[in-house]
2 protein chains.
Amino acid sequence: MKTIALPDRDERLVLVFKALGNPLRMQLVRYMAEHPQCITGDLVAASHLAQSTVSEHLKVLREAGVVAGTVEGPARCYCLNEDTLRWLREEVAALTQELEACCAPEMEETACC
Amino acid sequence: MKTIALPDRDERLVLVFKALGNPLRMQLVRYMAEHPQCITGDLVAASHLAQSTVSEHLKVLREAGVVAGTVEGPARCYCLNEDTLRWLREEVAALTQELEACCAPEMEETACC
DNA sequence: GTGCTCCATCGTATTTTTACGATTATCGGG
DNA sequence: CCCGATAATCGTAAAAATACGATGGAGCAC
């Protein structure tokens, strides 16, 4: 807690959550899930927003490791980073499990949970 | 896409991601995972921030359904909402699976992914 | 080289988030 | 009923995120 920095793991986790915690970026991610080989221009067209805006959002997703963008001729081909998504799923699962180990069996009346 | 609202599912997903996409809130969640019966005051003490600040963050987590706060005498007992975390894990898993169904086997050279 | 297409970055205005102190509300104990 | 303890809410200031047009840069065709 306090002023001390978060462990790298949580820092990355927060970065990924923050990247996914925006409506447009969520839509971009969904679009990429449905269109595995898409280019920035496709995403711009689908979003109905300015090209620069979409580009900024793609940067956030890139920096969080949620997507990868490879140069494909003059364009850039974007796709989701499966490793990150798998890692994210496991981190969320770990949170749940940590809980079950604590709150699990017979403490119904002891307190809130 | 466009100006049309997101489906409820994505709206909720964004809300949860946004709630978790903040360093302090992440720390609060971790604290709750380790201390299943904690009170607002505990979280305030651990965070070294003003009580009102922590209370606002707890509100964000509550409204996203990430935590539940039950009245426990004059205090409020907070704990993680396991249902939400399980749901979140499944949503993330669904994203990954959707991808694997598309990009899966032998398209190594066709494009970026 | 010139030009063209595609995209990232820059500068800026607007909106949202964050953090704080002060205030208000609620629950018990006397 | 009044009090003390515990938290939520309000008002405000500072910081960050968002969206845009304009500019700049990299790749390819010619």
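Order of the sequence lines fixes the chain letters, A, B, ..., with proteins taken first and strands second; residue numbering starts at 1 for each chain. These figures come from a predicted structure and were not determined experimentally. Keep in mind that the numbers below use all heavy atoms, side chains included, and drop hydrogens, waters and symmetry copies.
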Taking the side chain as C-beta and beyond, is there a heavy-atom pair between [X] and [Y] under 4.5 Å?
X        : Y        : result
Leu28(B) : His57(B) : yes
Asn22(B) : Lys18(A) : no
Phe17(B) : Leu88(B) : yes
Glu91(B) : Val92(A) : no

How many whole angstroms separate atom [atom1] of [X] from atom [atom2] of [N]?
X        : N       : atom1 : atom2 : value
Leu20(A) : dA17(D) : CG    : P     : 15 Å
Arg25(A) : dT16(C) : CZ    : C1'   : 13 Å
Ile39(B) : dA8(D)  : CD1   : P     : 10 Å
Asp42(B) : dA7(D)  : CG    : C1'   : 13 Å
Leu28(B) : dA19(C) : CG    : C1'   : 14 Å
Leu24(B) : dC20(C) : CG    : C1'   : 14 Å
Leu15(A) : dA17(D) : CG    : C1'   : 14 Å
Arg62(A) : dC7(C)  : CZ    : P     : 12 Å

- Note on the structure: Checking dC20(C), dC7(C), dT18(C) against the side chain of Thr40(A) (C-beta onward), the nearest is dC7(C)
- Query: In residues 52-61 of chain A, what residues come within less than 4.0 Å of DNA chain C, judged by heavy atoms?
  - Reply: Ser52(A), Ser55(A), Glu56(A), Lys59(A)
- Query: Would you find a donor on one side and an acceptor on the other, under 3.5 Å apart, between the side chain of Arg25(B) and the backbone of Leu20(B)?
  - Reply: no
- Given the rule in the side chain to side chain contact (heavy atoms under 4.5 Å, CB included) test, do Val67(A) and Met32(A) qualify, once you have shown the distances and angles that lead to the verdict? CA-CA 9 Å; Val67(A) 308; Met32(A) 287 186 230; 3.7 Å; yes
- Item | Sugar-phosphate or base contact per nucleotide [nucleotides 23-30 of chain C; S, B, -; heavy atom under 4.0 Å] | ----BS--
- Do any side-chain nitrogens or oxygens of Tyr78(B) fall under 4.0 Å of OP1 or OP2 in dT6(D)? no
- Task: May I ask you to verify if any side-chain N or O of Asn22(B) is less than 4.0 angstrom from the OP1 or OP2 atom of dT17(C)?
- Result: no
- Message: Tell me whether the NZ or CZ atom of Arg9(A) lies within the 45° cone about the ring axis of Trp87(A) and under 6.0 Å from its centre.
- Response: no
